[in-house]
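Please read the structure below before turning to the comments.
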Number of protein chains: 2
Amino acid sequence: MLSKKAKYGLKALEYIAKQDQTIPVQTSDISLAESIPRKFLETILLDLKKNEILLSIQGKNGGYLLKLPPSEITIGRVVRLFDGPIALLPCVSSNFYEPCEDCENEAFCGLKNIFAEVREATGSILDKLSLKDILRREFELKKKKQLSNNKTSCSNKK
Amino acid sequence: MLSKKAKYGLKALEYIAKQDQTIPVQTSDISLAESIPRKFLETILLDLKKNEILLSIQGKNGGYLLKLPPSEITIGRVVRLFDGPIALLPCVSSNFYEPCEDCENEAFCGLKNIFAEVREATGSILDKLSLKDILRREFELKKKKQLSNNKTSCSNKK
DNA sequence: TGAAAACCCTACTAAACTAATAGAGTTTTT
DNA sequence: AAAAACTCTATTAGTTTAGTAGGGTTTTCA
C-alpha cells in the first residue's frame, strides 16, 4: 500500500496543479482543502521541494508552485520519493536494485521472473502517467457524469 | 515491497512443490535448503495450513504437503495472505476495499482512476500465475541456459 | 521598523508493524 | 517411553509510520 506521505503528496500536487500557476499556493490552503494535517503536510511539501518538484516562495504571501509542468511530474517519481522502490522484490527493482541475499542463483529464479513481470507492468504505468493525467481523468470522469445526467433529465421530461 | 513472510512463504511452497508429493516435507529441510530461520518458518507454514494451502501430518516423520495442485495455488493468494491488499490504495482493492476517509468524491477521483489501473495490471498477473508457473519458468530459464552453454562449447571446439 | 505571515528545519514521540525467538504443548512413530 | 515432528501463544528488539513540537528564517506591508 501507498504510505500517507505518498498519497498526501500526490493530492497536494494535484491541488497545486489545479490553481492559477502565477500565485503561490499556501500550505494552510492545501491542508484545509485536502484534509491533510498541516504540520505533516509541511514536511511533505519540503520533501517535494528538495526533490525539485516544487519551488517555494518565502515570506508573507509566499507558498509553493510547481517547478515542472504537470506533464513532466510522473506518479512514479512521487511514489518513489516517498515510498522507495515500486518493485515487490529488491532484485527486480530498476531504481533500487539489490541482490537477494538468500537467493543462490538469481538468474534461474522463477520468483524473480514473475515479480519482474509485475514490476514491469506497474512501472510502465506509473512512469508513463503524470500529474496531467490525473487532472485529465478527473475532468473526463466529471464530463461523463454530466452527460449521463443530461440523458436522465431528458428521458424524465419526455 | 513484499514482506519476508510472503517471500519465505512462496519459497517454501516452491520447495515443497518440487519434492515427491507422497512424502511430507519437513520444516527443517525447507529451513536448511532455503535459508529461512526455522522457528520463523514454522509460523509461516502454520499460516499456510490454516489458509488451506498446505496440509500437515503430525508426529514423527510428519511434515507438510500441498493441499491443492500447484496450478491452483496462485501467487496472489499467498501474497494477500501474508501482506494483505495488492492494491496501492484501499479504495481500489477488490479483496480489502475501504473507502478513502479523506476523499470527498470517490467517483471523480483521478488518483483512484490511475491506481485502479495499476491494481488491475498487478492483480491480473498475480491472480493468473500460480506455483506451477514459478516451477515452469525456472525450468525454462535453466533449459535456455543449457542451450546457450552447448552453443558456446560448440564454437569453442571449432 | 516591527509585527505578522509564511516557509524552513530538526528533533521527538506514540503506535503499529516486522522479523524473529522462546518455550511449552500435542501427536505419532518406533 | 523416548524421540521426532507439528502446534500454539507470548514476547521482544528493531524499524517504520504518522504525526507533533517548537523554534528559526524570510518577506511583506502598514
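Per chain, numbering begins at 1; letters A, B, ... match sequence-line order.
- Among the nucleotides dC6(D), dC8(C), dT20(D), the one closest to the side chain of P37(A) is dT20(D).
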(Q) Checking D47(A) against K50(A) for the salt bridge (Lys or Arg N to Asp or Glu O under 4.0 Å) test, could you report, in this order, the C-alpha distance in whole Å, the side-chain angles of both residues, the deciding distance, and whether it holds? (A) CA-CA 5 Å; D47(A) 284 342; K50(A) 283 177 187 154; 5.1 Å; no

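- Closest non-hydrogen pair, T27(B) versus L41(B), comes out as O-CD2, 3.4 Å.
- Phosphate proximity of dC6(D) to T27(B): present, with a side-chain N or O under 4.0 Å from OP1 or OP2.
- For dC8(C), one of the phosphate oxygens OP1 or OP2 lies less than 4.0 angstrom from a side-chain nitrogen or oxygen of K49(A).
- dC17(C) atom C1' lies 11 Å from atom CG of D83(B), rounded to whole Å.
- Contact check, S56(A) against dC7(C): no side-chain N or O comes under 4.0 Å of OP1 or OP2.
- Partners of N51(A) by side chain to side chain donor-acceptor pair (under 3.5 Å), not counting sequence neighbours, listed by chain and number: R77(A).
- Separation of atoms CZ (R119(B)) and OG (S124(B)) is listed at 8.5 Å; rounding is to 0.5 Å.
- The interatomic distance linking K4(B) (NZ) with dT15(D) (P) rounds to 13 Å, in whole Å.
- Between F82(A) and S3(A), the closest heavy-atom pair is CB-OG, 4.5 Å.
- Straight-line distance from the CD1 atom of I44(A) to the C1' atom of dC7(C): 15 Å, rounded to whole Å.
- In this structure, CZ of R38(B) is placed 11 Å from P of dA4(D), rounded to the nearest angstrom.
- At the phosphate of dT7(D), OP1 or OP2 sits under 4.0 Å from a side-chain N or O atom of Y64(B).
- Contacts of S28(B) with the nucleic acid, taken as non-hydrogen atoms under 4.0 Å apart, are absent.
- Computed from coordinates, the D47(B) CG to dA20(C) P distance equals 15 Å when rounded to whole Å.
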Q.
Pair E117(A), R137(B) - check salt bridge (Lys or Arg N to Asp or Glu O under 4.0 Å), show working.
A. CA-CA 12 Å; E117(A) 196 176 323; R137(B) 289 185 185 209; 2.7 Å; yes

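- The distance from atom CG of L45(B) to atom P of dA20(C) is 14 Å, rounded to the nearest whole Å.
- When distances are taken from the side chain of F40(B) to each of dA5(D), dC8(C), dT21(C), the shortest belongs to dT21(C).
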Q: For nucleotides 21-30 of chain D, just jot down a letter per nucleotide in 5' to 3' order: B, S or -, based on protein non-hydrogen atoms under 4.0 Å.
A: BBB-BBBBS-

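- Rounded to whole angstrom, the span from the CD1 atom of I23(B) across to the C1' atom of dA5(D) amounts to 16 Å.
- We find that D83(B) and K7(B) are not joined by a salt bridge, their nearest charged nitrogen and carboxylate oxygen being 4.0 Å or further apart.
- OP1 or OP2 of dG19(D) sits under 4.0 Å from a side-chain N or O of Y8(A).
- The NZ atom of K5(B) sits 13 Å away from the C1' atom of dT21(C) (whole-angstrom rounding).
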